[in-house]
Amino acid sequence: MVSRNINCRTEKINNISIFFDSNSYYVNNHYSSIIESVACFLSKNQNVKVILNGYSDINGGSEYNIALGQRRANSVYEIMRILGVNDTQMEIISFGKEKFHKSSDTLENDLARNRRVDIIIQH
């Protein structure tokens, strides 16, 4: 299941964000090793759970963005499930654009930062 080439960590890991292109729920390949590391950690620590929080930018309606956040979180969930993470260790929540985080940066960067799934580790 989990790649044999991954250095499987057993010590505590931090929360991780996976970012997406606009209007997409495709997980870019450059996140593969990150997701594999989390999956490996979870498979070695069955008592640890994660919450997959899906977000979107502020473009589009609320219903569309809730669904997009859900699809993004589902994409990460399915990859981790295929890598051997137990379904009972994962929970999905979609916030869509309802918790849009605005920084003092440009709007373009804010939009990009909000197209994400946060993997929240519950130690």
Side-chain angles (χ1 to χ4, degrees):
M1 295 282 205
V2 174
S3 171
R4 295 181 198 276
N5 297 330
I6 288 294
N7 181 12
C8 192
R9 298 172 43 176
T10 55
E11 72 273 6
K12 184 177 176 179
I13 62 173
N14 296 320
N15 299 336
I16 296 165
S17 294
I18 306 296
F19 294 93
F20 294 81
D21 291 334
S22 182
N23 297 316
S24 174
Y25 54 95
Y26 171 77
V27 178
N28 193 303
N29 287 338
H30 72 267
Y31 290 109
S32 296
S33 63
I34 294 168
I35 294 172
E36 284 182 1
S37 293
V38 173
C40 187
F41 173 80
L42 290 171
S43 67
K44 300 250 187 230
N45 296 277
Q46 296 284 317
N47 61 324
V48 176
K49 296 183 181 202
V50 294
I51 300 174
L52 305 172
N53 289 334
Y55 298 89
S56 69
D57 61 31
I58 55 175
N59 296 318
S62 291
E63 282 184 32
Y64 172 80
N65 284 307
I66 289 287
L68 182 56
Q70 179 79 29
R71 286 192 299 273
R72 287 174 173 162
N74 285 342
S75 293
V76 175
Y77 176 98
E78 285 302 318
I79 292 168
M80 292 207 304
R81 191 183 61 73
I82 289 166
L83 292 171
V85 176
N86 191 324
D87 293 344
T88 61
Q89 288 180 269
M90 299 181 284
E91 177 184 349
I92 293 174
I93 300 173
S94 177
F95 294 105
K97 67 179 185 178
E98 305 310 314
K99 290 196 173 190
F100 186 81
H101 180 266
K102 186 167 173 54
S103 70
S104 59
D105 209 70
T106 67
L107 177 59
E108 183 178 316
N109 286 338
D110 284 345
L111 294 172
R113 284 189 194 117
N114 281 278
R115 295 189 296 260
R116 72 184 191 281
V117 169
D118 289 338
I119 303 173
I120 309 299
I121 311 296
Q122 303 286 295
H123 292 280

Reported NZ-to-CG distance for the pair Lys102 and Asn109, which is rounded to 0.5 angstrom: 11.0 Å

Path from Phe41 to Ile34 over hydrophobic side-chain contacts below 4.5 Å: yes

Lys97 NZ/CZ over Phe100 ring centroid, <6.0 Å and within 45° of normal: no

Over all atoms of both residues, closest heavy-atom pair of Asn14 and Ile121: O-CG1, 3.8 Å

Heavy-atom side-chain proximity of Arg72 to Leu52 below 4.5 angstrom: no

Non-hydrogen side-chain atoms of Ile16 and Val38 separated by less than 4.5 Å: yes

Spacing of Met80 atom CE and Ser75 atom OG [to the nearest 0.5 Å]: 12.0 Å

Ser17 OG to Arg115 CZ distance, which is reported to the nearest 0.5 Å: 13.5 Å

Beyond-backbone contact of Ile92 with Gln70, side-chain heavy atoms, under 4.5 angstrom: yes

Same apolar cluster (I L V M F W Y, side chains within < 4.5 Å links), Leu68/Ile18: no

Non-hydrogen side-chain atoms of Arg81 and Met90 separated by less than 4.5 Å: yes

Side chain to side chain, Asn114 and Ile58, heavy atoms closer than 4.5 Å: no

Closest heavy-atom pair and its distance - Cys40, Ser43: O-OG, 2.8 Å

CG on Asn28 to CG on Asp21, rounded to 0.5 Å: 7.0 Å

All pairs passing side-chain hydrogen bond (donor to acceptor under 3.5 Å, both in side chains) where residues 46-56 contributes a residue, at least two apart: Ser56-Asn65

From Arg71 atom CZ to Ile66 atom CD1, the distance as rounded to the nearest 0.5 Å: 11.5 Å

Any donor-acceptor pair under 3.5 Å from Asp57 side chain to Asn59 backbone: yes

Same cluster (ILVMFWY, side-chain, under 4.5 Å), Tyr25 and Phe19: no

Side chains of Arg113 and His101 in contact at under 4.5 Å (non-hydrogen atoms): no

Short side-chain donor-acceptor distance under 3.5 Å, Asn23 and Tyr64: yes

Distance in Å, Tyr26 OH paired with Phe20 CZ, rounded so as to fall on 0.5 Å steps: 11.0 Å

Same apolar cluster: Val48 and Val85, side chain cutoff 4.5 Å: yes

4.5 Å side-chain heavy-atom contact, Tyr31 and Val76: no

Within 6.0 Å of OH in Tyr77, more than 12 heavy atoms from elsewhere: yes

Side-chain donor or acceptor of Glu91 paired with backbone N/O of Val50 under 3.5 Å: no

4.5 Å side-chain heavy-atom contact, Glu36 and Leu83: yes

